[in-house]
Amino acid sequence: MTTMTGRPPGATEWFQRAKKIRQQQLNHLAQCGTLVNHLSRLVHMLQCERGASNIWLCSHGQLYAPECKASRALVDEALTAFHRSLNSPSTLSGSALCERIAMALGELERLSALREAIVNLNITAHQAMEQYSRTLRHLLSIIPQLNDSIDDPQIAGRFVALYSLMQGKEWVGQERALGAMGFTQGHFSDDMRQTLVDRIEAQQACFEIFLTRVNAAMQTAFHAHAQPHGDIEKLRRIACTRQPADDNGSTALNWFNLQTTRLENLRALEEDAIADLMADVQARIPLEREAPLFKGEDNILPLFPDKALLPLVRQQAGEIERLSRQLASLRDTLEARKTIDKAKNLLMAHQNMSEEQAWGALRKMAMDKNQRMVDIAQALLTVKTLWQLTPKG
């Protein structure tokens with residue numbers, strides 16, 4: 001950057017450059033508004049297709065055939081609009097953004113093969129869910145990159161709020177799909193229950209971040225319409241503590257409908273958040289154009305922090321996953337200890353063993369069968385009613 005007189009640029013020129021860059025950033029975000037809208041709708045429709053497909057697969061093709069067909073049509077419609085929003089690559093700056101778009105499109109190209117496998121029942125519900133979720137993960141990863149270079153902390157904060165909401169909504173979508181699988185099959189494995197708990201905790205973490213960065217009206221709307229109510233909580237307890245009744249899919253459909261209503265409410269909130277963000281960007285463009293070069297603040301550093309809020313957006317999903325894995329590991333350890341203690345007490349009561357002897361017996365059986373102690377303990381507890389043993393005096 002040089003001046004017309006050839007002298008080194010001074011304060012005025014650097015303020016002019018800063019102002020020009022802020023204007024370019026705002027204009028870029030405004031141009032990306034259409035992409036954000038189409039991307040969020042595509043994500044929502046894919047979440048619907050994933051949920052319907054899970055019920056179809058778990059019911060062996062007996063339930064939700066019309067819903068699957070309808071959801072695929074809506075995804076195709078949203079996908080066409082999403083592709084149209086990518087027709088102006090000049091508005092999409094940054095290699096990282098382009099790479100994330102490429103990754104998402106690569107996953108979307110596999111959608112036809114996934115659908116064929118689902119229709120022909122040649123894939124399990126878990127496999128289908130994993131592929132849908134991977135596609136959604138790549139689509140959602142685009143959002144943080146749209147805000148890659150913005151310096152305005154308020155705009156960056158709104159992007160944090162939007163991404164947190166969209167990621168939290170995806171965890172809700174995965175919770176819906178997992179619950180639909182378990183209730184349709186009439187069985188929740190320990191792994192499914194653990195994953196369900198992780199998804200519930202992850203969505204709560206996302207929504208907490210969202211609520212700290214939005215206005216009071218949006219907070220009120222969230223608490224009124226997007227929180228899980230009593231019926232969902234009741235079904236959550238059934239899923240996490242006991243096996244559901246065999247009712248030909250009635251509970252599964254009830255669960256799916258309740259969670260769908262919640263997801264639709266979250267979708268409405270998401271649309272409001274996008275509209276609010278883009279309205280703010282549009283409003284700031286003329287203000288930035290007319291603003292003086294320097295407003296006279298003694299210290300402008302607090303207005304533009306050295307560390308932007310963007311890293312919060314990029315790290316949030318990974319941090320939630322890391323915490324979820326840690327929590328899962330701790331819970332597994334505690335549950336294993338409880339199971340082993342119960343089996344040890346059972347041996348002490350029925351075989352007149354000391355605590356040390358009971359522990360040694362469990363350990364020997366585990367070594368002889370090349371299994372974990374917790375698995376041996378669980379097997380003992382499962383068959384204890386068949387032992388016909390009486391405590392020895």
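Heads up: numbering here begins at 1 and tracks the sequence.
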Please assess L86 against I101 for the test side-chain contact (heavy atoms from CB on, under 4.5 Å), listing each intermediate value before the final yes or no. CA-CA 9 Å; L86 298 175; I101 290 173; 4.0 Å; yes

Going through the distances and angles, do W359 and I340 end up as a side-chain contact (heavy atoms from CB on, under 4.5 Å)? CA-CA 9 Å; W359 178 267; I340 292 171; 3.6 Å; yes

Evaluate the side-chain contact (heavy atoms from CB on, under 4.5 Å) criterion for residues F207 and S164: first the C-alpha distance (whole Å), next the side-chain angles of each, then the deciding distance (0.1 Å), finally the verdict. CA-CA 6 Å; F207 293 145; S164 299; over 6 Å; no

Run the numbers on E175 and R236 for salt bridge (Lys or Arg N to Asp or Glu O under 4.0 Å), then give the verdict. CA-CA 10 Å; E175 181 193 2; R236 279 177 172 179; 2.6 Å; yes

Show your working on side-chain contact (heavy atoms from CB on, under 4.5 Å) between L136 and Q174 and close with a plain yes or no. CA-CA 11 Å; L136 287 161; Q174 290 190 27; over 6 Å; no

Does R267 form a side chain to side chain donor-acceptor pair (under 3.5 Å) with S40? I'd like the steps, not just the answer. CA-CA 9 Å; R267 170 61 182 157; S40 67; 2.9 Å; yes

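Between the side chains of Q47 and K169, a donor-acceptor pair is found at a separation under 3.5 Å. For the residue pair T124 / Q127, a side-chain donor-acceptor distance below 3.5 Å is found, with atom types taken as modelled. Between the side chains of T260 and R176, a donor-acceptor pair is found at a separation under 3.5 Å. Donor-acceptor pairing under 3.5 Å is recorded for the side chains of H44 and E264.
Taking every heavy atom of both residues into account, A161 and V214 meet most closely at CB-CG1, 3.8 Å. What you find for L380 and L346 is that their closest heavy atoms are O-CD2, 4.1 Å. Closest non-hydrogen pair, A377 versus A343, comes out as CB-CB, 3.5 Å. Nearest approach of A52 to C68, heavy atoms of both residues: O-SG, 3.4 Å. Residues V172 and L263 share a closest heavy-atom pair of CG1-CD2, 3.6 Å. Looking at every heavy atom in both residues, L196 comes nearest to G179 through CD1-N, 4.3 Å.
Judged as a side-chain hydrogen bond (donor to acceptor under 3.5 Å, both in side chains), the pairs with a partner in residues 67-79 (not counting sequence neighbours) are, in order, D76-R115. Residue pairs satisfying the ring pair (Phe, Tyr, Trp, His ring centres under 6.0 Å) criterion with at least one member in residues 50-82, sequence neighbours excluded, are listed as follows: Y64-F256.
The cluster map of Ile, Leu, Val, Met, Phe, Trp and Tyr, joined by side-chain heavy atoms under 4.5 Å apart, puts Y132 and M129 in different clusters.
Residues N37 and E271 form no side-chain contact, since every pair of their non-hydrogen atoms from C-beta on lies 4.5 Å or further apart.
When atom types are taken as modelled, the side chain of R193 and the backbone of A239 share a donor-acceptor pair closer than 3.5 angstrom. Under a 3.5 Å cut-off, the side chain of N54 and the backbone N or O of A180 do not form any donor-acceptor pair. Counting only distance, with no hydrogens or angles, the side chain of D276 and the backbone of D272 share no donor-acceptor pair below 3.5 Å. Counting only distance, with no hydrogens or angles, the side chain of S141 and the backbone of H138 share a donor-acceptor pair below 3.5 Å. In this structure, R41 contributes its side chain and A78 its backbone to no donor-acceptor pair below 3.5 Å.
The pair E233-R237 does not count as a salt bridge, with every side-chain nitrogen at least 4.0 angstrom from each carboxylate oxygen. Looking at D231 and K234, no side-chain N of the basic residue comes within less than 4.0 Å of a carboxylate O on the acidic one, giving no salt bridge. Between E170 and R137 there is no salt bridge, since no side-chain nitrogen of the basic residue lies less than 4.0 Å from a carboxylate oxygen of the acidic one.
With ring centers used as reference points, F188 lies under 6.0 Å from F183.
The CG atom of D375 lies 12.0 Å from the CG atom of L362; values are rounded to the nearest 0.5 Å. Of the inter-residue distances, the one linking E107 atom CD with T135 atom OG1 reads 4.5 Å to the nearest 0.5 angstrom. Here the CG atom belonging to L140 is positioned 5.5 Å from the CE atom belonging to M166, to the nearest 0.5 angstrom. For the atom pair CG (L105) and CZ (R110), the distance works out to 11.5 Å, reported to the nearest 0.5 Å. Distance check, rounded to the nearest 0.5 Å: CD1 of I232 to CD1 of I200 gives 10.0 Å.
A 6.0 Å sphere centred on CE of M348 holds more than 12 heavy atoms belonging to other residues, nucleotides or ligands. Counting non-hydrogen atoms of neighbouring residues, nucleotides and ligands closer than 6.0 angstrom, the CD atom of Q219 exceeds 12 such neighbours. Under a cut-off of 6.0 angstrom, the local environment of CD in E116 is sparse, with at most 12 non-hydrogen atoms contributed by other residues, nucleotides or ligands.
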